[in-house]
Amino acid sequence: MFFNSGIFWFLMGILFVLVVAGFRACAKDRRWEISWWKAALGILWYCLFMLTFYAWGTLIGENEGVAGFRILILGLFICLVSGVCLWRWMAAKRRIG
Amino acid sequence: MDVPYDKGLSRRNLLKLAGIAGVAVQAGALVVAGKQEGKSSESYTGWESFHPGTQFFDRKPFEFEGPSHAPVGEVRRPSHHTDYVFQRVGSFEQAYRKHPGWTLEDPIENLELIPELEAFYKEFPERLEWDFKTFSETIPNNREDSAKYNNYYLLAEAYEAGFSAHSRFLRGPTDPPEKSDFPGRDMMGRPPRNPVPFRTPDLASEFVKEIAHRYGATLAGITKTNPNWLYSEGWRGCPQDYDFSVMPAHWENAIVIGVPMEWDVVLSNPQFGTSNDAYDRVTTAALRLEGMIKFLGYPVRSHTPLTDYDLLVPPHAVEAGLGEIGRTGFCITPEAGGNCRMAVITTNLPMTMDKPIDYGVARFCNKCKLCAESCPSGAISMADSPDGLVIRGYEHWYINNGACYNYWRETMGPMGCRLCVATCPYSRKDNWLHDLARKIDPRDPTGAVSSGLLQIQKRLFPYPAASEYHRPPQGRFASFRPEPPYLEVDKYLDIAVTKPGK
């Protein structure tokens, strides 16, 4: 099955590189200073965001669609709040003087 | 309007657009991939292969020197007459049929029970009340309900009937252990061989477990047989005057094996589920192991759901490292939770013993209580911990098996309930989502992970109220989850169906 295969995860890896490249382009536009730990936090946030969708699908697959949808809503809410915080923090300029 | 060439899509904007598209594609693809993972045949622990890989949980970090069970008071061995619920209710039924006018107001002596059972009912009067209710009220009501609704559960019963096929011709030992357990002449008339020695007990243990999986066991572990957990009388093939006080020496080692019930069916309990799928498979695996060990010249006796038991299984399973005792009284395993039907093979083949494990079940059961809250008969203890609950000399959760059996006889479809198996958060399939919990939770010493997961389980997963599982009008014969598509009567059968609650 394609969605369980190694090729699928290989393509997901390529897409992930594309997403990171897009994010870097966006960060440059906004003149954000992205240190390694900010980047790591960003990746962590993105993984959480994607896991929310993966968990939703998994629970639909095992006939727990109701719980899956509730977990999707909860996960997206957590991602929204943490995402806004992360965005503002990345956008913050270092104060000098 | 003309767009100047140099104002076209820049490389940076292209990357940004591609990144956004990548996010959308990844999110969509992961939903589909998750769906495949959720219903993947590989996630059906025990129903996916006959390979040792079915026992996938790494037990080593959680092992400790046993025993897991130590007596806290005077030990009394379990009795077939009183503690074994099927024999007890069978005896009560016989007596009640002889005295159909008997009520709880009448002296118990009028029932002419065997002395052991009469003494038991005097010590535990609530068991008498439940057993009386089962035969005076629940079973007659069930006959009415069956006449009305039974067609709706016909395919579930047919599915069970297939898994009961072996039980019609399988029989347990017909001679005492000294005779029936020892190898006899083979089909060619050759005399039994002397026990074939293994190079080391370690290798014997490795071989037996490997072959147990190949024979269909999902889980396998080895421990010493504990004489305290043998029934005090009524071993198969033994006359009444047999000396049941001494364990046969060749029962010294116990190989414990387990097989889960089918995962979609187990979630459709109490009305659509069956135990017989796993009973059949675990019995088959145990009898195969018995045959193999006998072939190698060792005495052996299997204790299985279809050929009956001479001992208690759950404490042996715990000592063999298969899991921990939960609030429900059975062994909760890391791979299959409570969804595990077990058999024991006793032998004197020298093997290395496994160690019991502590992966957090006892602490989790103290705070979870989902099984007890869902139990339609209230048979499972709601106590905050098993401390002080001493039964036959051992401290463990109290289960009222009279109340439990009473609800068995109320259900529709194949007899039984198994709701505690379905509702247990440990009884989940093998996919990344549940495996993440399996890996993280036992390694969290604070218990915060299990508390968080428990809140998710209680608040986000639908749990029907206990009353909904009862017959109408009190309930609606609810099931924990709907029947699997292949048991849907409407889909396959051309018959009139009345659904409860409609």
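Bear in mind that the values here come from a model prediction, so they are computed numbers and not experimental data. Order of the sequence lines sets the chain letters (A, B, ...), proteins ahead of strands, with each chain counted from 1.
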Who among [options] has the most heavy-atom pairs with chain A under 4.5 Å?
options: B:Ala29, B:Pro482, B:Ala21; answer: B:Ala29
options: B:Ile456, B:Leu267, B:Asp264, B:Val31; answer: B:Val31
options: B:Gly28, B:Ala33, B:Gly19; answer: B:Ala33
options: B:Glu42, B:Arg459, B:Lys39, B:Gln457; answer: B:Lys39

Heavy-atom count check: over 12 atoms from other residues, nucleotides or ligands less than 6.0 Å from [X] [atom1]?
X: A:Trp36; atom1: CH2; value: no
X: A:Arg24; atom1: CZ; value: no
X: B:Lys439; atom1: NZ; value: no
X: B:Lys367; atom1: NZ; value: yes
X: B:Phe56; atom1: CZ; value: yes

Problem set entry | Chi angles and distances behind the side-chain contact (heavy atoms from CB on, under 4.5 Å) call for B:Val32, A:Phe2 | CA-CA 10 Å; B:Val32 180; A:Phe2 171 71; over 6 Å; no
>> Under a plain distance cut-off of 3.5 Å, with no hydrogens placed, do B:Gln26 and A:Tyr54 share a side-chain donor-acceptor pair?
In response: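 The answer is no; no qualifying pair exists.
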Under a 4.5 Å cutoff for heavy-atom pairs, which residue among [options] has the most contacts with chain B?
options: A:Ile60, A:Asp29, A:Leu59; value: A:Asp29
options: A:Ala55, A:Ala21, A:Gly22, A:Ala67; value: A:Ala67
options: A:Asn63, A:Val66, A:Ile14, A:Leu18; value: A:Leu18

Between A:Glu62 and B:Arg428, is the closest basic N to carboxylate O distance under 4.0 Å?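 The answer is no: the pair does not qualify as a salt bridge.
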Exercise: identify the closest heavy-atom pair between [X] and [Y]:
X: A:Ala25; Y: B:Lys16; answer: CB-CG, 3.8 Å
X: B:Gly22; Y: A:Val19; answer: C-CG2, 3.8 Å
X: A:Tyr46; Y: B:Val23; answer: OH-CA, 3.6 Å

Q.
My understanding is that only one of B:Lys35, B:Arg481, B:Lys429 makes a salt bridge (Lys or Arg N to Asp or Glu O under 4.0 Å) with A:Glu64; could you say which?
A.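 Result for salt bridge (Lys or Arg N to Asp or Glu O under 4.0 Å) with A:Glu64: B:Arg481.
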Checklist line | Part of A:Leu11 within contact of chain B (heavy atom distance under 4.5 Å) | finding: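 Neither part.
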Under 4.5 Å from any heavy atom of chain A - which part of B:Trp263
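For B:Trp263, there is no contact with chain A at all, as no heavy atom is under 4.5 Å.
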Take A:Met12 and B:Leu30 through the side-chain contact (heavy atoms from CB on, under 4.5 Å) test and state the conclusion after the steps. CA-CA 9 Å; A:Met12 291 301 276; B:Leu30 281 173; 3.5 Å; yes
Q) How far apart are the C-alpha atoms of A:Phe69 and B:Leu460, what are their side-chain angles, what is the distance that settles it, and do they pass the side-chain contact (heavy atoms from CB on, under 4.5 Å) test? A) CA-CA 9 Å; A:Phe69 184 70; B:Leu460 303 185; over 6 Å; no
Value rounded to 0.5 Å, distance of CG in B:Leu17 from SG in A:Cys26:
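Answer rounded to 0.5 Å: 11.5 Å.
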